[in-house]
Amino acid sequence: MTDRTSAETLNRRRFLGAASLAGAGAALSAIPALAGETAKSEALITDVQDWQRYLGDGVDKHPYGVPSKFEKNVIRRDVPWLTASAESSVNFTPLHDLDGIITPSGLCFERHHGGVAEINPADHRLMINGLVDKPLVFTMDDIKRMPRVNKVYFLECAANSGMEWRGSQLNGCQFTHGMIHNVMYTGVPLKVLLDEAGLKPNAKWLMLEGADSAGMNRSLPIEKALNDVMIAFAMNGEALRPEQGYPLRAVIPGWEGNLWVKWLRRIEAGDQPWQTREETSKYTDLLADGNSRKHTFVMDAKSVVTNPSPQAPLKHKGRNVLSGLAWSGRGTVKRVDVSMDGGRNWQTARIDGPTFDKSVVRFYVDFDWNGQELMIQSRAIDSTGYVQPSKDELRKVRGVNSIYHNNGIQTWLVHSGGETENVEIG
Amino acid sequence: MSKSANALTLALAALLLGGMSAPGSTQQMANSDVTKLAAKLGLGRAATADEIAAWDTDVRPDGRGLPVGKGTVKQGDDLFQEKCASCHGEFGQGVGRWPVLAGGAGTLKADRPDKTVGSFWPDLSTVFDYIKRAMPYGNAQSLTNDEVYALTAYILSMNDIVKDETFELNDKNFTSIKMPNAAAFFEDDRETSEKQFWNKNPCMKDCRPAPKVTGRAMAIDVTPDGKSGPKVE
């Protein structure tokens with residue numbers, strides 16, 4: 001995925017940008033006066049401010065609300081050197097700017113193979129054909145007349161953290177871990193649609209196909225399809241965003257994001273996998289011995305500390321909140337441990353908010369910091385007893401060329417000034 | 001304690017337990033509960049033969065889905081130079097960051113493997129299926145079946161899988177072509193080959209010697225400037 005040569009060519013040009021990023025946390029704020037001590041009055045309080053005197057915007061200003069202008073840096077970002085064109089590329093969720101477990105729809109990372117298809121829902125059709133009793137065509141109206149479910153699931157790209165196999169490369173958890181989002185989907189269990197068409201007994205695999213200019217297609221085992229796969233038309237309570245597959249996408253809980261076909265237009269039933277480009281030349285995991293794992297669908301348990309992280313350095317001595325996300329494609333997250341000393345000693349973090357099956361959880365460690373250097377790590381433990389491995393443990397089994405499924409433990413080095421950087425430790 | 005007080009305590013306990021278990025269970029209803037409601041809705045209409053033919057262009061390794069057609073290496077070479085070489089290079093070597101299609105034989109165990117159609121892809125049908133649905137990039141589904149056969153033949157030739165430029169690939173001989181790396185793929189075995197990652201008692205204290213920093217993203221310095229994103233307003 002990454003070409004170190006071209007990356008190095010870009011080094012010098014990006015030097016200034018990366019340097020300013022690193023410098024963001026250089027100045028620690030002065031410790032404020034403690035209660036009881038003599039404090040200086042703030043003009044913010046003693047003077048009447050503009051927003052207190054003058055009228056603000058009326059209700060007709062923003063028919064569809066947008067974030068405050070003071071949040072303009074909370075955006076998806078891409079890494080231009082990663083791919084040849086923006087239409088077949090990826091951008092990253094700003095995890096370090098978010099909290100809770102739900103990703104705002106407009107900040108969910110995007111991965112397209114032929115750009116965003118723009119489809120009027122009135123023109124969208126879903127076909128089911130192949131090994132079925134009756135090949136069918138559905139309109140969006142048909143689908144919205146079927147029984148619905150609401151589920152919160154994470155979607156992680158199998159290539160999330162894929163640039164980090166050989167060592168720390170990108171200085172920001174947005175870039176190292178931002179190919180994930182977690183939203184509530186509304187849709188129809190796929191089984192409802194398959195029952196309408198009537199699967200033949202020899203139907204063992206499905207092929208899902210998108211209506212985009214890449215005609216994205218992937219094979220899906222029938223057991224999974226009948227278990228918890230859904231066909232979604234809404235996310236976070238409103239229609240899917242165009243970049244997330246409007247008007248219809250597949251939701252394949254706990255499995256790699258590439259299977260969640262967007263702009264879903266066709267489902268074919270067959271008796272064997274199709275061996276499409278995305279499940280052979282891509283999304284297979286090359287090991288050190290030259291052989292490759294295929295059908296590595298499940299996303300292993302993984303976690304990351306989002307704050308502090310390189311884009312969100314520590315700003316204060318004394319009280320601080322460490323925060324992060326954990327998830328597992330095999331079930332629920334049972335526990336998250338955090339280390340402040342590079343994995344020598346661990347403490348169990350506090351999970352807050354709901355714990356759903358195949359959804360992220362939010363965890364916190366409330367701690368006091370006296371300015372000492374920290375090596376912050378987190379490890380997720382899931383409902384099957386899987387413990388997120390270190391990057392070294394993972395490399396022993398998977399080598400450094402598998403691109404996909406890097407769920408190794410991340411290390412952030414926090415310097416005494418609060419600056420935080422992505423490091424590899426040994 | 002009286003009988004009725006006991007019953008009240010039990011009821012309260014049940015309520016509390018019910019409340020405790022709510023997030024994992026009741027907020028996410030099992031799909032099966034809904035699919036039971038749905039037996040035969042009578043929604044949707046029959047797909048016509050023409051509609052299925054228009055969309056069902058996929059091709060499998062066993063040749064299922066291959067359309068009638070043919071194309072030679074030479075024809076494919078001409079087409080490739082016209083429609084593909086601007087991204088993939090004259091000989092499939094790739095231009096810039098665009099995909100390399102040829103070469104890389106014997107590099108899969110190397111430190112920097114070169115994964116191309118010839119060195120990595122297990123099935124020829126994938127080439128046909130993908131070109132037919134997605135290429136040329138930005139003008140998808142514009143090629144005839146004969147053109148897709150010809151381009152597939154040229155890709156075989158640039159990878160030395162066929163040697164003769166008069167070679168014709170067609171729906172009859174297609175499945176006889178074997179890809180060099182076909183045997184190197186195996187089913188996901190993580191739950192056995194990585195079973196050490198399931199650990200009932202992960203270490204909590206003095207788990208390793210003091211760590212040393214061995215690599216730094218800032219030294220590699222390829223991170224985009226996090227402060228210079230486009231405006232959202």
Side-chain angles (χ1 to χ4, degrees), chain A residues 7 11 17-18 21-22 72 75 77 79 84 127 129 135-138 142 145 147 149 151 167-172 189 191-192 196 213-215 228 266 274-275 277 280-281 290-296 311 342-346 354-356 385-387 389 397 401 421-426, chain B residues 23-24 28-29 31 34-35 37-38 41 43-45 47 52 55-56 58 60-61 96-98 108-109 113 120-123 126 129-130 133-134 140 184-188 194 197-200 202 204-205 207-208 211-218 220-226 229 231-233:
Chain A
N11 262 358
L21 179 73
K72 67 175 196 272
I75 50 170
R77 292 184 175 85
V79 178
M127 179 187 289
N129 73 311
L136 291 174
V137 171
F138 299 99
D142 292 333
R145 293 166 68 195
V149 291
K151 311 271 189 174
S168 303
Q169 178 156 264
L170 289 162
N171 205 37
K191 184 174 188 302
V192 170
E196 285 297 288
S213 74
D228 57 3
R266 192 166 70 94
W274 272 258
Q275 299 283 80
R277 173 182 184 265
T280 54
S281 80
N291 290 310
S292 297
R293 283 186 183 139
K294 63 176 177 179
H295 301 150
T296 45
Q311 296 157 291
R344 289 187 91 182
N345 297 287
W346 296 86
T355 296
F356 294 130
Y386 183 99
V387 182
V397 201
N401 285 319
E421 63 170 316
N422 175 12
V423 297
E424 198 72 25
I425 57 169
Chain B
Q28 286 189 303
M29 189 177 176
N31 275 348
V34 170
T35 53
L37 304 172
L41 301 164
L43 292 169
R45 62 159 175 87
I52 294 172
W55 278 8
D56 186 356
D58 52 82
R60 292 197 321 202
R97 306 275 305 146
W98 296 102
L108 296 183
K109 293 183 206 171
F120 192 66
W121 292 34
D123 301 288
T126 312
D129 180 87
Y130 184 69
R133 71 178 54 249
F185 291 80
F186 62 98
E187 291 290 332
D188 184 7
E194 298 183 357
F197 297 155
W198 278 264
N199 177 1
K200 284 199 179 90
M204 299 296 283
K205 288 267 169 255
C207 303
R208 54 163 297 159
K212 287 194 195 84
V213 171
T214 57
R216 302 173 61 209
M218 282 170 65
I220 295 168
D221 195 15
V222 291
T223 309
D225 180 4
K231 286 192 175 166
V232 244
E233 282 175 293

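In what follows, chains carry the letters A, B, and so on, assigned in the order in which the sequence lines appear, proteins first and then strands, with residues in each chain numbered from 1.
Taking both residues in full, the closest heavy atoms of Ser168(A) and Ala217(B) are given as CB-N, 3.5 Å, listed atom of the first, atom of the second, then distance. Closest of all the heavy-atom pairs between Asp123(B) and Gln275(A) is OD2-NE2, 2.7 Å. For the pair Phe197(B) and Val397(A), the tightest heavy-atom approach, listed with the atom from each and the gap, is CZ-CG2, 4.0 Å. Annotation for Asn171(A) and Thr223(B): closest pair N-OG1, 2.7 Å, computed over non-hydrogen atoms. Shortest non-hydrogen contact noted between Ser281(A) and Phe120(B) is O-CE2, 3.8 Å. Nearest heavy-atom pair across Ile220(B) and Gln169(A) is CD1-CA, 4.1 Å.
Contacts between Trp121(B) and chain A at a heavy-atom distance below 4.5 Å involve the side chain alone, from C-beta outward. With a threshold of 4.5 angstrom between heavy atoms, Asp129(B) approaches chain A through side-chain atoms but not through N, CA, C or O.
Although no hydrogens or angles enter the test, the distance criterion places no donor-acceptor pair under 3.5 Å between the side chain of Arg344(A) and the main chain of Cys207(B). Between the side chain of Glu196(A) and the main chain of Leu43(B), a donor-acceptor pair closer than 3.5 Å is present. Proximity of a side-chain donor or acceptor of Thr214(B) to a complementary backbone N or O of Glu424(A) within less than 3.5 Å is detected.
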| field | Full working for side-chain contact (heavy atoms from CB on, under 4.5 Å) between Arg145(A) and Leu41(B) | value | CA-CA 9 Å; Arg145(A) 293 166 68 195; Leu41(B) 301 164; over 6 Å; no
| message | Using the rule given for side-chain contact (heavy atoms from CB on, under 4.5 Å), can you reason through Val213(B) versus Glu421(A), listing the C-alpha separation, both sets of side-chain angles and the distance that settles it, and then say yes or no? | response | CA-CA 11 Å; Val213(B) 171; Glu421(A) 63 170 316; over 6 Å; no
| query | Taking it one step at a time, do Phe186(B) and Arg293(A) satisfy side-chain contact (heavy atoms from CB on, under 4.5 Å)? | reply | CA-CA 5 Å; Phe186(B) 62 98; Arg293(A) 283 186 183 139; 3.4 Å; yes
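Scored by the side-chain contact (heavy atoms from CB on, under 4.5 Å) test, Asn129(A) finds Met127(A), Pro135(A), Arg266(A), Glu268(A), Ile52(B), Asp56(B) as partners (sequence neighbours excluded). Taking the side-chain contact (heavy atoms from CB on, under 4.5 Å) definition, one finds that Ala134(B) meets it with Tyr130(B), sequence neighbours left out.
Ranked by heavy-atom pairs shorter than 4.5 Å toward chain A, the options Arg216(B), Arg45(B), Glu187(B) are led by Arg45(B). For the set Lys205(B), Lys200(B), Arg208(B), Lys109(B), the entry with the most heavy-atom pairs within less than 4.5 Å of chain A is Arg208(B). The most heavy-atom pairs under 4.5 Å with chain B, out of Ser213(A), Gly343(A), Ser292(A), Gly342(A), come from Ser292(A). For chain B, the option among Gly426(A), Gly290(A), Gly215(A), Ala214(A) with the highest count of heavy-atom pairs below 4.5 Å is Gly426(A).
Rounding to the nearest 0.5 Å gives a distance of 9.0 Å between CE of Met204(B) and CH2 of Trp346(A).
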